[in-house]
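Worksheet: the structure to be examined is printed underneath.
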Amino acid sequence: MNSKVMNLIDAVREIPDGAEIAFGGFAITRSPVAFACEMIRQNKKDLNIYQPIVCMATDMLVGAKSVKKLSYGGGSLDRFGRMERINEAFENKTIDAREFSGLSLTYRFLAGSLGVPYIPTKTLLGTDILKNLLDKKDESVMISESPYGDGEKYVFMKALNPDYAVIHAPYADEKGNVLIDGPVWDLELAKAAKKLYVTVDQIISNEYIKMHPEKVVIPNVYTHAVIEVPYGAYPTAVYKMYDYDSDMLTKYAKTNKKQEDFDLFIDEYVTGTSNHNEFLEKCGGISALNKLKADPVYGYKKVWGDKYE
Amino acid sequence: MNSKVMNLIDAVREIPDGAEIAFGGFAITRSPVAFACEMIRQNKKDLNIYQPIVCMATDMLVGAKSVKKLSYGGGSLDRFGRMERINEAFENKTIDAREFSGLSLTYRFLAGSLGVPYIPTKTLLGTDILKNLLDKKDESVMISESPYGDGEKYVFMKALNPDYAVIHAPYADEKGNVLIDGPVWDLELAKAAKKLYVTVDQIISNEYIKMHPEKVVIPNVYTHAVIEVPYGAYPTAVYKMYDYDSDMLTKYAKTNKKQEDFDLFIDEYVTGTSNHNEFLEKCGGISALNKLKADPVYGYKKVWGDKYE
Amino acid sequence: MINMSNSKFTTNELMAVTASRLLKDGQNIVVGLGLPQVATLLAKSTHAPHLNIIFEIGVVNPESVDTGVGIADPRLWYRSDYFTSFIGSLGHILQRGLVDVGFLGGLQIDKFGNINSTGVHEKDYFRHINGSGGAADIASYSKNIFAIAKHQKRKIVDMVDFITTVGYLNGGATRENSGLPKCKSIRIITNLCVMNFNNQLREMQIESVHPGVTKDQIIENTGFDIKFAGDLKETDLPDDNEIYLLRNVIDPKKLYI
Amino acid sequence: MINMSNSKFTTNELMAVTASRLLKDGQNIVVGLGLPQVATLLAKSTHAPHLNIIFEIGVVNPESVDTGVGIADPRLWYRSDYFTSFIGSLGHILQRGLVDVGFLGGLQIDKFGNINSTGVHEKDYFRHINGSGGAADIASYSKNIFAIAKHQKRKIVDMVDFITTVGYLNGGATRENSGLPKCKSIRIITNLCVMNFNNQLREMQIESVHPGVTKDQIIENTGFDIKFAGDLKETDLPDDNEIYLLRNVIDPKKLYI
């Protein structure tokens with residue numbers, strides 16, 4: 001009760017096979033890579049993942065055959081490439097993929113985090129996204145008429161309070177107050193989850209929070225576990241902390257094109273290492289990390305032109 | 001388009017008699033007193049006011065006979081006293097008073113600000129608040145069953161996008177990005193309004209906002225007008241800027257007990273002055289204001305014990 | 001520690017201590033100003049250091065050092081962990097189901113735990129006094145409701161003049177039947193006794209009587225035929241540490257105690 | 001100013017300029033990466049300095065100085081006015097009805113302006129490529145939809161393989177009949193022409209043809225029998241200032257133009 005601090009291995013152990021999990025992260029930013037790698041090391045199976053926009057960690061989990069069902073609103077590795085492990089699993093039907101839009105899936109979390117049964121919205125109407133969800137009898141969606149007699153049609157996005165959520169943030173205190181600079185697309189899913197796990201690059205004092213409460217985006221009432229994993233989102237970016245590693249993302253976007261290449265990658269980098277520090281060593285270690293240090297004003301690695309490089 | 005800056009007199013002129021207005025402020029904090037006083041000077045009539053928790057400005061408008069209908073969730077002048085002008089108008093039925101709870105009325109604004117038709121909630125069920133609203137056939141509320149066949153009952157709080165909203169904030173830039181330190185109970189109504197008027201103590205540069213985007217709680221897309229009125233919430237408090245004036249609030253809480261005393265107060269302080277600076281002079285001027293300066297850490301006037309007073 | 005029997009305490013101090021002991025460590029509490037806040041801060045200073053305190057105005061876990069006049073007073077926001085909106089506090093936290101105890105006051109409380117904070121019937125009109133604020137919301141969604149009140153015939157009544165916040169409505173399962181979420185327990189702490197609703201009818205009953213208070217005193221000051229629990233107890237005495245903290249740390253200006 | 005006839009420009013530059021001129025000052029734009037962003041920044045640097053730029057990820061009015069790889073790249077968040085959540089950007093701003101233009105890309109666009117960004121039918125399977133992201137939401141709620149696309153037979157099609165985002169659905173009033181809010185206008189800017197849907201059927205038609213492009217070229221590169229507007233125009237030429245800004249200020253590394 002005193003402290004919500006856990007270590008990564010124990011935290012991941014709490015998550016059973018088949019767990020219903022919402023993931024934070026967005027493409028190449030704040031992806032909970034360290035958490036996902038540890039899930040792969042612990043050989044989690046049959047996960048039921050929800051994520052408004054998928055990120056690198058999710059593609060890894062799908063490629064590692066940890067995922068049974070994925071509800072998501074699309075996503076890519078930005079210009080580095082595509083979510084090829086997800087795309088292939090989708091095409092081969094090796095996972096049960098349920099496609100949404102970013103907003104519609106987030107509404108399930110908003111409803112869950114507000115304690116209301118659903119949010120009535122018009123988004124998805126007319127799309128094949130909705131058609132497919134209705135065909136699959138996905139419980140998320142229901143079409144209904146306005147109760148005000150104006151003939152308006154709505155999609156009810158049903159509240160979802162996932163058993164677990166996993167997000168990565170730069171900082172939290174040991175009580176579980178979470179600080180994030182920049183956009184917070186994953187706020188609603190974090191607040192909806194029954195157990196929120198937050199990997200952070202650094203655990204900071206509550207005293208800092210008392211001085212800067214405006215920086216807290218998730219107060220401790222939502223947080224189940226705070227897990228300190230420096231560079232826990234590497235090779236994706238954490239705004240104001242470190243940049244994404246273009247070299248490593250380029251490499252990943254090559255290996256994720258074919259399952260056999262991906263498997264070799266996982267063998268070497270994930271199951272071939274016993275923790276995130278070893279993973280970081282494998283990826284280039286301190287010298288790779290030093291190149292990513294974010295400028296405190298720009299929030300990413302600022303390149304000063306040839307003469308400084 | 002370039003700038004959303006207006007002066008107070010012109011801004012208030014835009015608001016017609018009978019206007020539907022949501023008010024910010026909460027009891028003795030960030031009450032838009034300067035705006036309300038100017039409305040009284042311009043002799044606005046038949047206003048239709050919505051406010052989750054009423055503040056001093058609202059009691060003044062009701063006492064000045066500017067209000068025809070008030071939908072609110074209660075409120076007081078904290079330990080200074082009660083909203084006696086509102087209470088008397090409620091009792092004498094000189095206004096159409098519709099009572100809600102703070103959350104339920106705020107849900108009307110949340111729905112409006114989200115562009116959804118209503119929010120289904122359980123709050124108000126079983127209360128005499130709901131009973132009265134249903135008896136009055138208030139459009140805000142409708143009782144309905146869960147669409148999921150689980151027999152659950154909900155109150156649908158209908159979306160409201162009021163024609164106008166008026167809030168007070170310490171700072172905004174001329175584009176209409178609004179900064180508020182501390183709690184922001186009035187965020188939803190600000191985002192729901194068709195035209196948001198923000199009185200601010202100071203207009204600051206957009207450059208400051210670029211350095212501290214995390215301090216912006218209302219981005220400029222919502223803002224219709226930014227009106228610089230230093231001490232525009234006086235005698236109520238603006239966190240980190242100035243404290244409430246206990247003397248003045250004590251005086252107000254005496255005068256608002258009886259209509260004749262209140263009328264004398266308005267004659268002297270409001271209609272007897274031509275602008276907010278004159279109002280401030282009447283209330284004690286610079287020497288009164290100097291006593292209220294908030295300590296930058298504590299956020300209110302810190303009293304350092306007898307030896308410093 | 002000093003021997004307990006040396007303690008002298010006021011009734012307000014006893015109420016604060018009694019309420020404080022009902023709070024458990026780690027709970028999330030939505031609390032109003034006055035004795036509820038004093039009791040919560042005392043719990044936090046003693047057996048429950050990890051309470052999370054939430055004010056409906058949008059303030060989480062402040063550590064005030066000066067006494068304020070209400071939750072709109074910035075004195076009560078000092079050293080907060082988090083600031084949010086009404087929806088943030090009463091929606092995303094309270095209605096989300098994360099609040100263990102909603103700690104309220106009120107003008108009247110009735111035998112089914114319903115609370116009136118709106119107004120009272122006078123001879124020929126309804127005198128409007130305050131309104132719900134967040135109280136109706138808090139009582140709808142908190143897992144447990146605590147209230148502190150003065151024990152007077154016109155305040156502890158058979159039926160409140162106006163149901164601002166629902167306790168057990170008309171008793172039994174009527175609260176749930178109205179559509180509201182279940183409420184695990186309601187506790188009323190007065191200057192005479194502690195009351196609960198731990199029976200099938202969900203009807204108010206005396207759980208413990210404050211030291212020196214007689215059953216007759218309670219009966220006389222209650223607006224209906226109040227029941228006494230089978231296992232009626234005497235309220236535990238405050239200890240010296242609690243009294244010390246109340247007087248010297250939590251409410252040194254004696255605004256509430 | 002330099003004489004316009006001296007300008008040489010690429011097709012991408014023409015597309016960016018053409019799209020940019022369709023934006024009006026003071027509008028709120030939800031925009032994706034690539035040419036849409038380039039066009040929006042150009043408008044902001046010329047005739048529309050008070051555009052508000054919104055990224056679905058939760059970023060408002062950034063002023064980037066470095067080119068990013070996508071909206072998740074912190075390079076695109078530099079000097080923002082405001083950061084928010086998905087609900088903050090696509091709920092409270094977009095669905096609230098405050099977005100004048102949703103500016104999208106896509107794999108395929110069909111004759112009723114529906115856009116596919118999910119995947120395409122291959123011989124014996126559906127090749128999944130990306131998905132909606134915020135695109136379905138943006139097309140549902142923006143007052144106007146702009147899209148930039150390559151003009152190829154397999155991209156400008158009779159019917160998209162998958163309706164990720166609804167334009168005019170099956171034409172006429174079918175969009176509104178499906179329950180969606182009205183869409184005032186859709187504009188498609190390609191490397192060959194600008195297309196609108198300003199007719200009763202809400203069917204794609206050529207509004208203006210880029211200089212040097214022939215009708216036959218357009219017909220050949222369109223996957224269905226495309227119509228030409230009665231008042232068919234030639235697309236206006238970029239001016240030197242626009243070309244200067246594109247090359248030297250907005251995309252000096254020529255990542256998109």
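Note: hydrogens, waters and symmetry copies are ignored here, and every other heavy atom, side chains too, is used. Here the structure is a predicted model, which means the values were calculated and not measured. Residue numbers start from 1 in every chain, and the chains themselves are labelled A, B, ... in the order their sequence lines are given, proteins ahead of strands.
- Neither the backbone nor the side chain of A:Thr236 comes within contact range of chain D; no heavy atom of the residue lies under 4.5 Å from a heavy atom of that chain.
- Among A:Arg30, A:Glu91, A:Lys153, the residue with the largest count of heavy-atom pairs under 4.5 Å with chain D is A:Glu91.
- By number of non-hydrogen pairs under 4.5 angstrom with chain D, the leading residue of A:Ser76, A:Gly75, A:Gly299 is A:Gly75.
- Counting heavy atoms from C-beta on, the side chains of D:Pro62 and D:Leu76 never come closer than 4.5 Å.
- At a 4.5 Å heavy-atom cutoff, the contact between D:Ile129 and chain A is made by backbone and side-chain atoms alike.
- Ranked by heavy-atom pairs shorter than 4.5 Å toward chain A, the options D:Gly68, D:Gly131, D:Ala136, D:Gly133 are led by D:Gly133.
- Residue contact with chain A, scored on non-hydrogen atoms closer than 4.5 Å, involves the side chain of D:Tyr125 exclusively.
- Counting heavy-atom pairs under 4.5 Å between each of A:Val54, A:Asn92, A:Thr127 and chain D puts A:Thr127 at the top.
- In this structure, no portion of D:Asn170 lies under 4.5 Å from any heavy atom of chain A.
- Salt bridge absent: A:Lys136 and A:Asp138 never bring a charged side-chain N and a carboxylate O closer than 4.0 Å.
- Contacts between D:Thr84 and chain A at a heavy-atom distance below 4.5 Å involve the backbone alone (N, CA, C, O).
- The aromatic rings of A:Tyr118 and A:Phe156 sit parallel, their planes meeting at an angle under 30°, below the 60° perpendicular limit.
- Within the 4.5 angstrom heavy-atom criterion, no atom of A:Tyr154 approaches chain D.
- Side-chain contact between A:Pro235 and A:Met56: present, with at least one pair of heavy atoms (C-beta onward) separated by less than 4.5 Å.
- Between A:Glu88 and A:Phe262 there is no side-chain heavy-atom pair separated by less than 4.5 Å.
- A:Asp243 touches chain D through its side chain: at least one heavy atom from C-beta onward sits under 4.5 Å away, while N, CA, C and O do not.
- Using a 4.5 Å cut-off between heavy atoms, A:Phe90 touches chain D through its side chain atoms alone.
- The choice from A:Val184, A:Asp128, A:Ile28 that makes the most heavy-atom pairs within less than 4.5 Å of chain D is A:Asp128.
- Contacts of A:Ile129 with chain D are made by both backbone and side-chain atoms, with heavy-atom separations under 4.5 Å.
- Taking 4.5 Å as the limit, every side-chain heavy atom of D:Lys111 sits out of range of all side-chain heavy atoms of D:Lys227.
- The closest side-chain donor-acceptor pair between A:Ser31 and A:His168, if any, does not fall under 3.5 angstrom.
- The minimum heavy-atom distance between D:Ser45 and D:Ile250, with the atom names listed, is OG-CD1, 3.9 Å.
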Item to check | Residue pair A:Phe109, D:Phe86: steps toward the ring pair (Phe, Tyr, Trp, His ring centres under 6.0 Å) verdict | outcome: CA-CA 11 Å; A:Phe109 297 124; D:Phe86 231 92; over 10 Å; no
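- In this structure, D:Phe126 and D:Thr118 have side chains that are in contact, with non-hydrogen atoms separated by less than 4.5 Å.
- Interface remark: D:Ile87 contributes backbone and side-chain atoms alike to the contact with chain A (heavy atom separation under 4.5 Å).
- Your options are D:Asp66, D:Val166, D:Leu169, D:Val160, and the one with the most heavy-atom pairs under 4.5 Å with chain A is D:Asp66.
- Contact tally against chain A (heavy-atom pairs below 4.5 Å) for D:Arg75, D:Glu56, D:Arg175, D:Arg79: the top residue is D:Arg75.
- Of all the listed residues (D:Ser117, D:Gly70, D:Ala72), the one sharing the greatest number of non-hydrogen pairs under 4.5 Å with chain A is D:Ala72.
- At least one side-chain heavy atom of D:Asp100 sits less than 4.5 Å from a side-chain heavy atom of D:Lys143.
- Of the residues considered (D:Gly58, D:Gly34, D:Ser132), D:Ser132 shows the highest number of contacts with chain A, using heavy-atom pairs under 4.5 Å.
- Heavy-atom distances place no part of A:Lys131 under 4.5 Å from chain D, backbone and side chain included.
- Nearest heavy-atom pair, A:Arg85 versus A:Lys257, reported as atom, atom and distance to 0.1 Å: NH2-O, 3.0 Å.
- For the side-chain contact (heavy atoms from CB on, under 4.5 Å) with D:Glu13, the lone residue among D:Val38, D:Leu246, D:Leu42, D:Leu35 that qualifies is D:Leu246.
- Checked for salt-bridge contact, A:Asp247 and A:Lys251 miss the test: no charged N lies under 4.0 Å from a carboxylate O.
- In terms of heavy-atom pairs under 4.5 angstrom with chain D, the leader among A:Tyr298, A:Phe80, A:Tyr300 is A:Tyr300.
- Heavy-atom distances place both the backbone and the side chain of A:Val297 under 4.5 Å from chain D.
- With a 4.5 angstrom heavy-atom cutoff, A:Leu125 touches chain D via backbone and side-chain atoms both.
- Contact of D:Ser140 with chain A is made through the side chain alone, with heavy-atom distances under 4.5 Å.
- Proximity to chain D (any heavy atom under 4.5 Å) is restricted, for A:Tyr244, to the side chain, taken from C-beta onward.
- When every heavy atom of A:Ala57 is checked against every heavy atom of A:Pro32, the shortest pair comes out as CB-O, 3.7 Å.
- Only the side chain of A:Asn132 has a heavy atom closer than 4.5 Å to any heavy atom of chain D.
- The most heavy-atom pairs under 4.5 Å with chain D, out of A:Ala237, A:Gly74, A:Pro183, come from A:Pro183.
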Next on the checklist: For A:Tyr242 and A:Tyr234: C-alpha separation, side-chain torsions, deciding distance, then whether ring pair (Phe, Tyr, Trp, His ring centres under 6.0 Å) applies.
Outcome noted: CA-CA 8 Å; A:Tyr242 46 89; A:Tyr234 175 93; 7.5 Å; no
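- Heavy atoms of D:Arg127 lying under 4.5 Å from chain A belong to its backbone as well as its side chain.
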